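Working notes for the structure below.
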Protein chains: 2
Amino acid sequence: MSRTVADRAAAIAAVAEVFREHGFEGASLSAITARTGLGKGSLYYFFPGGKEEMAEAVLAEIDGWFTRAIFSPLRDDADPEAAIRRMLRETDSYFRSGRRVCLIGAFALGDTRDRFAARIAAYFAAWRAALAEALMRANRPEASERAEHAVLAIQGALVLARALGDQAVFVRALERLERELLAE
Amino acid sequence: MSRTVADRAAAIAAVAEVFREHGFEGASLSAITARTGLGKGSLYYFFPGGKEEMAEAVLAEIDGWFTRAIFSPLRDDADPEAAIRRMLRETDSYFRSGRRVCLIGAFALGDTRDRFAARIAAYFAAWRAALAEALMRANRPEASERAEHAVLAIQGALVLARALGDQAVFVRALERLERELLAE
DNA sequence: TGATCTCTGTACCGATCGGTACAGAGTCGG
DNA sequence: CCGACTCTGTACCGATCGGTACAGAGATCA
């Protein structure tokens, strides 16, 4: 891995946190330079398209991570129930038990949605479809309905946990999901 | 009702829509003047505290509406099951079947949360508590758990419906909630 | 009519916004 | 040692940000 790629990857991770905290509009270049440790010169060297390109890179990175860690196992793992449990475990860990916000969910609520509508929709549609596939393979009835409800409950749990400042809300929601998803 | 109050009330409603679409940081004074039809002079006459005071007024207005239309009936209506059905009906109507976003939920996700943390937490806590109260009065088991899950599912449904650009997701979620909440 | 109060438009403030231009530091193969 | 290429800091751009100051329009009442 060249030094360039490593730096760019590190920058993407840092930029993601800034977007997560401030949203797309609210993520000022000065906040991004502070967090990444990169000056404007470097930033526009890595992302000539400016904030828009940074956001694209961040969304692609997140999408890639979820595909690798969660969606693919749900679709392909020989043991679909294990894949579902893994999804819940990885989700808890990724969102830091509710302390971390879903960037894509946050983007979906604001007017940022229009700009990245395709990517945002694709992310949630992929999650819903992969989970439905796993439920089908596990012979659970109403797979589509359960899958949609689970994806939606995770997003809602993130909102509510953050609103109440109580991560236990998120943990409880995931426990409930495990029961509901795997019930016959 | 004096003209002043009417104008201020109308302004609050218009400002609420701007916050809803752009978030707190993203709601520029120029967007607010455009939407309200009021110049800066009038705006700062009605809200001397600027954007912060506008947001406070908007949050108070929303909280008042929900208390009147939903929370109070859940707590006090002689028929708690009817109050729950009313909650679902009013929720569907308020959020335009998923086309409209929850301003308070959106605020909760961004860094705006810290500024209005108390109000945001109070709103969701009141909803959860009022619904739990109604479920208790209706002799449903696990009232607290069901209530928390319902509040969370509504927020999640708003996120997912908007992310996918498909309001049917929201409608389905409400139908599911009616079944779950009123089940023995 | 004249005094008063409510409301509004406009000019203006310093700060910050996202973005550009560009010189040059640092590193590398030849 | 010499270009060539990668990366970075800085100066600068016009636009817009939230907020202030204030004169005065318009209605109201004595």
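These values consider heavy atoms only, across backbone and side chains, with no hydrogens, waters or symmetry-generated copies. Since the structure is predicted, the reported quantities are computational estimates derived from the model, not experimental observations. Chain letters run A, B, ... following the sequence lines, proteins first, then strands; residues in each count from 1.
The side chain to side chain donor-acceptor pair (under 3.5 Å) contacts involving residues 54-65 of chain A comprise A/E56-A/R119, where partners must be two or more places apart or lie in separate chains.
Figure legend: B/R115 and B/F24 shown without cation-pi pairing, the cationic atom not lying both under 6.0 angstrom from the six-membered ring centre and within 45 degrees of its axis.
For the side chain to side chain donor-acceptor pair (under 3.5 Å) test with A/R176, the passing option among B/E145, B/E148, B/H149 is B/H149; the others fail.
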When the side chains of residues 132-139 of chain B are checked against the rest of the protein, which donor-acceptor pairs come out under 3.5 Å, sequence neighbours left out?
from   : atom 1 : to    : atom 2 : distance (Å)
B/R137 : NE     : B/R75 : O      : 3.3
B/R137 : NH1    : B/D77 : O      : 2.7
B/R137 : NH2    : B/L74 : O      : 2.8
B/R137 : NH2    : B/R75 : O      : 3.3
B/R137 : NH2    : B/D77 : O      : 2.9

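Under the 30°/60° scheme for interplanar angles, the aromatic rings of A/F66 and A/Y123 are found to stand perpendicular.
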Summary of protein contacts for nucleotides 11-19 of chain C, nucleotide by nucleotide, where a base hit scores B, a sugar-phosphate-only hit scores S (4.0 Å, heavy atoms): ------SBB

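To the nearest angstrom, C1' of D/dA27 lies 13 Å from OH of B/Y45.
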